[in-house]
Enquirer: 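Just dropping this structure here.
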Amino acid sequence: MARKRKVQEEQEQEKEQGEASSASSSKHRKESGGKTEEASSQPQSGNPHPNFEPYPASKVYRLIEPGPVLLVTTGSLADSTHNVMTIGFHMVMQHESPPLIGISLGPWDASFATLKKQRECVLAVPAVEMANTVIDIGNCSADDDDVKEAGGKWQRFGLEALPAARVKAPLVGGSDVIANIECVVEDTKMVSKYSMWVLKPVKAWINPRKKPGEGGKMFHHRGDGTFVVDGEVLDLKDRMVKWQEFQD
């Protein structure tokens with residue numbers, strides 16, 4: 001009975017609101033000379049910006065994430081403890097004095113403990129030809145049976161490990177790797193709260209046959225399982241008058 005009474009009360013309230021709304025509309029028509037504004041017959045979306053629509057704040061990473069997908073190597077090539085993983089969250093933090101790169105790598109990744117201990121790694125930039133392999137690397141663990149049977153991720157995916165010049169972790173070799181960046185950990189203040197490591201590049205290598213814009217195409221994760229590939233190069237150097245010191 002209580003439920004029925006509540007429903008009846010709600011219906012009465014809706015009726016009263018409807019009558020009030022109707023009276024208000026009638027009054028408005030009288031005040032405007034009996035003319036009804038055209039907009040009043042259109043549904044009101046509540047959106048004050050006709051060229052935009054609301055977007056979930058929890059998914060904004062999909063809008064600004066697309067940096068190139070990277071491979072991160074840790075451990076030591078000399079004692080065969082080297083590992084490799086895939087990341088999509090990273091950013092340039094400083095151009096020079098020294099150059100700094102931020103990467104997101106958390107305790108859920110096996111490489112976390114190694115990076116924390118050794119404080120160095122290599123960031124490898126794969127070309128789009130490696131996309132399937134790079135994604136498969138990101139979807140497996142060193143503890144997976146097929147990876148163990150193969151002897152590790154490097155053997156499982158046929159990756160070539162090359163000795164680095166300044167760090168113990170290896171470079172990723174092969175004709176479809178655009179570049180390798182040897183890094184040391186510069187700052188860990190944001191690791192415990194945000195899993196954000198600040199890295200300082202100490203040595204870099206580029207594939208002369210796969211330079212970006214000259215044959216080398218990176219691929220970028222859009223945060224939802226889809227990717228975009230480098231395309232047309234837009235040269236606006238002549239307009240970047242405040243940033244000429246960073247141009248070749």
Side-chain angles (χ1 to χ4, degrees), residues 56 58-77 80-92 101-118 120-162 164 167-183 185 190-191 194-197 199 207 210 212 216-231:
S58 61
K59 295 182 179 179
V60 295
Y61 64 90
R62 295 183 178 181
L63 304 177
I64 61 175
E65 178 184 349
V69 178
L70 303 178
L71 291 173
V72 181
T73 74
T74 53
S76 169
L77 178 60
S80 299
T81 60
H82 51 299
N83 192 21
V84 62
M85 62 171 290
T86 302
I87 65 168
F89 281 16
H90 53 82
M91 60 185 291
V92 173
I101 298 172
I103 67 169
S104 178
L105 195 157
W108 52 86
D109 297 309
S111 298
F112 180 88
T114 306
L115 184 59
K116 185 177 181 179
K117 178 181 179 181
Q118 294 190 190
E120 59 183 32
C121 65
V122 171
L123 305 180
V125 185
V128 66
E129 288 83 0
M130 288 187 67
N132 289 343
T133 298
V134 171
I135 300 310
D136 289 346
I137 291 172
N139 283 321
C140 76
S141 168
D143 293 329
D144 292 347
D145 291 338
D146 60 334
V147 175
K148 286 182 177 180
E149 291 175 1
K153 290 184 184 179
W154 296 84
Q155 295 81 359
R156 168 68 178 79
F157 296 103
L159 299 178
E160 181 182 8
L162 302 176
V167 300
K168 295 178 181 179
L171 312 180
V172 180
S175 59
D176 291 326
V177 175
I178 293 174
N180 281 276
I181 307 169
E182 300 180 32
C183 300
V185 174
M190 294 185 287
V191 172
Y194 300 109
S195 299
M196 174 65 72
W197 300 77
L199 307 177
N207 183 341
K210 287 284 186 180
K217 291 187 176 184
M218 306 175 195
F219 61 103
H220 312 256
H221 188 211
R222 299 175 65 192
D224 61 356
T226 62
F227 298 78
V228 293
V229 180
D230 288 347

Enquirer: Side-chain contact test, heavy atoms from C-beta onward, threshold under 4.5 Å: evaluate it for V72 versus S111 and give yes or no.
Expert: no

Enquirer: Counting N and O atoms only, with roles assigned by atom type, does the side chain of T73 sit under 3.5 Å from a partner on the main chain of A169, one being a donor and the other an acceptor?
Expert: no

Enquirer: Backbone N or O of T74 within a donor-acceptor pair of the N83 side chain at under 3.5 Å?
Expert: no

Enquirer: So, using side chain to side chain contact (heavy atoms under 4.5 Å, CB included) as the criterion, who are the partners of E129 when residues are at least two apart?
Expert: A127, D176, K210

Enquirer: T86 side chain to V134 main-chain N or O, any donor-acceptor pair under 3.5 Å?
Expert: yes

Enquirer: Heavy-atom distance under 4.5 Å between the side chains of V228 and R222, does that happen here?
Expert: yes

Enquirer: Would the number of heavy atoms belonging to other residues, nucleotides or ligands and lying under 6.0 Å from CG of D145 be above 12?
Expert: no

Enquirer: Without swapping roles, check the side chain of H221 against the backbone of I87 for a donor-acceptor pair under 3.5 Å.
Expert: no

Enquirer: Side-chain contact, heavy-atom cut-off 4.5 Å: V172 with N180?
Expert: yes

Enquirer: How about P68 and H90: do any of their side-chain heavy atoms sit closer than 4.5 Å?
Expert: yes

Enquirer: With a 4.5 Å limit on heavy-atom distance, are the side chains of C121 and W197 in contact?
Expert: no

Enquirer: Between CG of L123 and CG of L199, what distance do you get to the nearest 0.5 Å?
Expert: 6.0 Å

Enquirer: Taking the side chain as C-beta and beyond, is there a heavy-atom pair between F219 and P126 under 4.5 Å?
Expert: yes

Enquirer: Donor-acceptor check, side chain of D144 to backbone of D146, threshold 3.5 angstrom: yes or no?
Expert: no

Enquirer: Once the angle between the rings of W154 and H82 is folded into 0 to 90°, is it parallel (under 30°), tilted (30 to 60°) or perpendicular (over 60°)?
Expert: tilted

Enquirer: If we only count heavy atoms from C-beta on, is the H220 to D230 side-chain gap below 4.5 Å?
Expert: yes

